[in-house]
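What follows is a short report on a single structure.
Predicted, not measured: the structure shown is a model, and the values here were computed from it. Reminder, nothing fancy here: chain letters follow the sequence lines and each chain counts from 1.
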There are 2 protein chains.
Amino acid sequence: MQSRTPASRTGRPRSAAADTAILAATREALVELGWSKLTLSDVATRAGVAKTTLYRRWAGKNELVVDAVAELFDELELPDLGSLAADIEGVVLQFAAILARPEARSGLMAVVAESTRDDALRERIRASIVDRQMRLVLQGRARAQHRGELPPEPDPEQAARTVDLIFDMVAGAVVHRTLVSGKPADGEWVHSFIRVLLLGLVGASRTP
Amino acid sequence: MQSRTPASRTGRPRSAAADTAILAATREALVELGWSKLTLSDVATRAGVAKTTLYRRWAGKNELVVDAVAELFDELELPDLGSLAADIEGVVLQFAAILARPEARSGLMAVVAESTRDDALRERIRASIVDRQMRLVLQGRARAQHRGELPPEPDPEQAARTVDLIFDMVAGAVVHRTLVSGKPADGEWVHSFIRVLLLGLVGASRTP
DNA sequence: AGCTTTCGCTACGAGTCGTAGCGTAATGCC
DNA sequence: GGCATTACGCTACGACTCGTAGCGAAAGCT
């Protein structure tokens, strides 16, 4: 979050209710107005707080939207459905459901675009959104290796590269399908995609 | 392009030099300022034209940037390197080189984000950017089937789904690697990626 | 109590937007 | 050549947003 309240203990504390109201108002404004027409004055009005309160907590529109969108990914969890393919399909369908929501569609791509020119923003996105997804990949891979569905990776550097590759392939394909092609990442599509991905990974691990 | 000059033949024609100057100035402004701080007044000054000229040709910032970025993808071609894997690696490296340029990074994602709320803009992006990439996938697939590297697809509906899937996987992975993960899609990464992709596609086509 | 920080409110200069109006320049048609 | 038509450069405009400053009141802690 944006709060930096580890040391300062004295004085009136910041309203936690205002935080949730502001983030909810931001998502509401994203749905109705989209990224470019969203103004902080409008968000403040919707949340029932003063505009100055927004500027005390967030540096600008970018940081606010990152936090508002990041909360959407809180629900993301790796289910245990018995097989690697089923687990991945489950989590990818969750991911696709989040990306189908208009507040995620219009907000996420916009802040990613901004982050190409702002390293601090890129780091904020990595910490609050991307890392959580990456953790799911690591978790699923470890579970699959324990089950014997994927071979163990002795070289840690090679393992890191493989995890990065899987992550970019999964997240990239779902995002591109949803936001660029504009078609739904439904059950049928996810099933085909995961089949190709797993066959490729297993095949690549057999012939190094 | 934005020109609609099929019927109107009389009157002073639009300066073609102004078009190229404006689009070049737009890319220059994208590099220096990024999407959010780019203003049409600034572009007009850089291009040496009046601001009103910009508004006569483009509806707004979105449409202008789409056209400016689209020109970057003109150079994209499918090389003939003897094998499907080599061909794909070649074109993916071209694609990655374009995405590595700052004017593409900051511009492309921004207009895609805007297009989630603007169907006309989405269609413009599809026609001027996405379709060209899709054609490369079709071309490569046909050539590979002719070589026998990929099995022929009797069902046209199934073939269309497969092409869509390949397109989202390739473009999505490269874009995600470059813009979200922030790491270069260099030769080593592309090689690993294509290997997984092709092994998966061949494997999936064998066990339908 | 006293101290500290946050809150809501108002106001402000600076900057951008998109458009209108004007006189001038460059074409095609007669 | 003259005429209609369209594009161009320029200026100016109201409306809007931005981010900040200053104020008095409120809400905690010691």
Report yes if at least one side-chain N or O of B:Ser41 is closer than 4.0 Å to OP1 or OP2 of C:dC17; otherwise report no.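 Yes, such a contact exists.
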
Side chain of [X]: nearest nucleotide among [options]?
X: B:Leu40; options: D:dG19, C:dG18, D:dC8; result: C:dG18
X: A:Arg57; options: D:dA7, D:dG9, C:dC7; result: C:dC7
X: A:Thr52; options: D:dA21, D:dC10, C:dT19; result: D:dA21
X: B:Tyr55; options: C:dT6, D:dG28, C:dT19; result: C:dT19
X: A:Arg14; options: C:dC7, D:dT17, C:dT4; result: C:dC7
X: A:Pro13; options: D:dT17, C:dG8, D:dG28; result: D:dG28

Are the charged groups of A:Glu188 and B:Arg161 less than 4.0 angstrom apart, N to O?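 Looking at A:Glu188 and B:Arg161, the cut-off is met.
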
Measure [atom1]/[X] against [atom2]/[N] and give the value in whole Å, please.
X: A:Arg12; N: C:dT6; atom1: CZ; atom2: C1'; value: 5 Å
X: A:Leu38; N: D:dC16; atom1: CG; atom2: P; value: 17 Å
X: B:Asp19; N: D:dC8; atom1: CG; atom2: C1'; value: 14 Å
X: A:Arg56; N: C:dT6; atom1: CZ; atom2: C1'; value: 6 Å
X: A:Leu54; N: C:dT6; atom1: CG; atom2: P; value: 15 Å
X: B:Trp58; N: D:dC8; atom1: CH2; atom2: P; value: 10 Å
X: B:Lys37; N: C:dA14; atom1: NZ; atom2: P; value: 19 Å
X: B:Leu64; N: C:dC17; atom1: CG; atom2: C1'; value: 15 Å

A:Val170 vs A:Val137, side chain to side chain contact (heavy atoms under 4.5 Å, CB included): CA-CA, chis, key distance, verdict: CA-CA 9 Å; A:Val170 173; A:Val137 175; 5.9 Å; no

In sequence, state the C-alpha distance, the side-chain angles, and the governing distance for A:Met169 and B:Met169, and then conclude on side chain to side chain contact (heavy atoms under 4.5 Å, CB included). CA-CA 7 Å; A:Met169 286 184 73; B:Met169 286 184 73; 3.7 Å; yes

I'd like to know whether CD of B:Glu77 has more than 12 heavy-atom contacts from other residues, nucleotides or ligands below 6.0 angstrom.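 No.
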
Hey, mind stepping through B:Leu199 and A:Leu199 against side chain to side chain contact (heavy atoms under 4.5 Å, CB included) and telling me if it holds? CA-CA 7 Å; B:Leu199 284 170; A:Leu199 284 170; over 6 Å; no

Side-chain donor/acceptor contact of B:Lys51 with base of D:dG9 under 3.5 Å: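 Under the 3.5 Å cut-off, the side chain and the base do not form any donor-acceptor pair.
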
Which angle, to the nearest 10 degrees, lies between the helix axes at the two ends of the helix from C:dA1-D:dT30 to C:dC30-D:dG1, each defined by five pairs?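 The angle separating the two end axes equals 30°.
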
Pairwise 5' ranking along DNA chain D for B:Thr53 and A:Ala59, keeping only the more 5' one: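 That would be B:Thr53.
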
If only side-chain N and O atoms count, and only distance matters, is there a donor-acceptor pair under 3.5 Å linking B:Glu114 with A:Ser36?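 Yes, B:Glu114 and A:Ser36 have a side-chain donor paired with an acceptor closer than 3.5 Å.
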
Test item: A:Lys61 side-chain N/O and A:Leu38 main-chain N/O as donor-acceptor pair under 3.5 Å: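 Checked: pair present.
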
So does B:Val112 get a backbone contact from the side chain of B:Thr116, meaning a donor-acceptor N/O pair under 3.5 Å?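 Pair absent, no side-chain N/O of B:Thr116 close to backbone of B:Val112.
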
Using heavy atoms to find the nearest nucleotide of DNA chain C for B:Asp42 and A:Ser15 separately, return the residue whose nucleotide is more 5′.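 Final value for this comparison: A:Ser15.
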
